[in-house]
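A quick write-up on the structure given underneath.
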Amino acid sequence: MYYPIRIADTAILGPAAPLPPELVGLAPESLADLSAALDPCPEPFQGLGYWPQVWGTTDHDPETQRVSDQLDEAPSPDARTVVVTPLVVNLTPAEIAARVATRLDAARADKVDAINAERNRRLLLGASHGGKRFSMDGDSRADQGGMATTAALVLAGALSWPASYARGWISLDNSRLPLPTAQDGIALAAAVAGAYSEIVQHARDLKDDALTAVDPAAVDEFGGWPT
């Protein structure tokens with residue numbers, strides 16, 4: 001944006017606007033004083049310059065003030081630029097409250113994200129049982145649920161314990177934990193399901209705390225997890 005300037009007294013002759021099409025492409029030094037730069041200078045531009053608008057800096061407290069789209073004072077030609085300073089206005093109580101609420105919502109959301117990340121990290125570590133660790137992802141828990149159902153039928157006398165289960169369940173280190181009986185299969189499925197539910201429930205408790213906390217940073221996303 002540029003201001004039309006009368007060179008003789010550096011008076012501003014109009015509001016800031018884009019350059020006239022005839023002047024687009026001229027160097028800044030030519031725009032500063034068209035009569036001196038152009039020979040001949042077109043009649044509409046004789047004695048004029050077009051000086052760029054430069055926004056001045058404002059010192060303000062972002063907690064209680066904002067920079068408006070109005071000007072604090074008349075534009076001031078200086079060093080072949082026109083400095084404009086925006087008006088700083090005080091926030092209303094409602095605006096201050098809205099800013100506080102927005103920051104609080106963002107802090108709570110960040111804390112929830114941190115809790116979810118810690119929950120996911122712990123789930124990836126697997127459930128401990130029989131000296132090994134076992135996956136707690138959805139597919140693994142579904143497979144273990146199927147094994148537990150089979151084990152219940154075995155204990156009811158409807159089936160024999162499959163040899164494939166008896167060979168063992170594959171752990172996270174790719175080794176097997178033998179499951180010679182149906183009770184062993186149920187114990188593994190229960191250990192994994194229990195570990196999974198404890199982690200998920202603790203994450204939910206932490207997130208509930210974070211979503212109601214006046215200071216979400218005080219909620220420790222690393223504390224209190226089941227081992």
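As a basis for the values below, the full set of heavy atoms in this structure was taken, side chains included, without hydrogen atoms, waters or symmetry mates. Each residue takes its place number in the sequence, starting with 1.
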Output, in order, the C-alpha distance, side-chain angles, deciding distance and verdict of side chain to side chain contact (heavy atoms under 4.5 Å, CB included) for Leu26 and Leu34. CA-CA 10 Å; Leu26 290 180; Leu34 294 169; 3.9 Å; yes
Measure across [X] and [Y] and return the closest heavy-atom pair with its distance rounded to 0.1 Å.
{"X": "Val112", "Y": "Ala210", "value": "CG2-CB, 4.4 Å"}
{"X": "Pro15", "Y": "Pro4", "value": "O-CD, 3.9 Å"}
{"X": "Val84", "Y": "Tyr3", "value": "CG1-OH, 3.5 Å"}
{"X": "Lys207", "Y": "Arg119", "value": "NZ-NH1, 3.5 Å"}
{"X": "Arg108", "Y": "Pro216", "value": "CG-CG, 3.5 Å"}
{"X": "Val219", "Y": "Lys111", "value": "O-NZ, 2.9 Å"}

Side-chain touch [X]/[Y], heavy atoms, less than 4.5 angstrom:
{"X": "Arg103", "Y": "Val100", "result": "yes"}
{"X": "Ser68", "Y": "Leu87", "result": "yes"}
{"X": "Thr150", "Y": "Pro162", "result": "yes"}
{"X": "Lys132", "Y": "Ser175", "result": "yes"}
{"X": "Val200", "Y": "Arg204", "result": "no"}

Stepwise, does the side chain to side chain contact (heavy atoms under 4.5 Å, CB included) test hold for Leu206 with Glu118? CA-CA 11 Å; Leu206 289 177; Glu118 180 62 13; over 6 Å; no
Show your working on salt bridge (charged side-chain N to carboxylate O under 4.0 Å, His left out) between Arg122 and Glu198 and close with a plain yes or no. CA-CA 11 Å; Arg122 288 176 176 272; Glu198 287 179 355; over 6 Å; no
Please report the C-alpha distance between Asp173 and Arg133 in whole Å, then the side-chain angles of each, then the deciding distance to 0.1 Å, and finally whether the side chain to side chain contact (heavy atoms under 4.5 Å, CB included) criterion is met. CA-CA 8 Å; Asp173 67 5; Arg133 302 197 75 87; over 6 Å; no
Value rounded to 0.5 Å, distance of [atom1] in [X] from [atom2] in [Y]:
{"X": "Met136", "Y": "Leu125", "atom1": "CE", "atom2": "CG", "value": "7.5 Å"}
{"X": "Arg121", "Y": "Trp225", "atom1": "CZ", "atom2": "CH2", "value": "9.5 Å"}
{"X": "Ser160", "Y": "Tyr165", "atom1": "OG", "atom2": "OH", "value": "14.0 Å"}
{"X": "Leu38", "Y": "Phe45", "atom1": "CG", "atom2": "CZ", "value": "9.0 Å"}
{"X": "Arg80", "Y": "Tyr50", "atom1": "CZ", "atom2": "OH", "value": "15.5 Å"}
{"X": "Ser171", "Y": "Leu188", "atom1": "OG", "atom2": "CG", "value": "10.0 Å"}

State which residue, out of Glu95, Gln65, His60, Arg66, fulfils the side-chain hydrogen bond (donor to acceptor under 3.5 Å, both in side chains) condition with Asn90.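 Between Asn90 and the candidates, side-chain hydrogen bond (donor to acceptor under 3.5 Å, both in side chains) is satisfied uniquely by Gln65.
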If hydrophobic clusters are built from ILVMFWY residues whose side chains come within less than 4.5 Å, do [X] and [Y] share one?
{"X": "Phe134", "Y": "Leu123", "answer": "yes"}
{"X": "Ile115", "Y": "Leu211", "answer": "no"}
{"X": "Val82", "Y": "Leu48", "answer": "no"}
{"X": "Ile5", "Y": "Trp55", "answer": "yes"}
{"X": "Leu159", "Y": "Trp169", "answer": "yes"}

Ignoring hydrogens and geometry, is there a side-chain-to-backbone donor-acceptor pair from [X] to [Y] under 3.5 Å?
{"X": "Arg6", "Y": "Ala11", "answer": "no"}
{"X": "Thr10", "Y": "Ile7", "answer": "no"}
{"X": "Trp51", "Y": "Ile12", "answer": "no"}

Atom CZ of Arg167 with >12 non-hydrogen neighbours under 6.0 angstrom: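 No, not enclosed.
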Donor on one side chain, acceptor on other, Thr181 and Asp184, under 3.5 Å: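 There is such a pair (donor and acceptor under 3.5 Å, judged by atom type) between the side chains of Thr181 and Asp184.
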Would Tyr2 and Leu23 count as a side chain to side chain contact (heavy atoms under 4.5 Å, CB included) here? Give the steps. CA-CA 11 Å; Tyr2 289 79; Leu23 304 181; over 6 Å; no
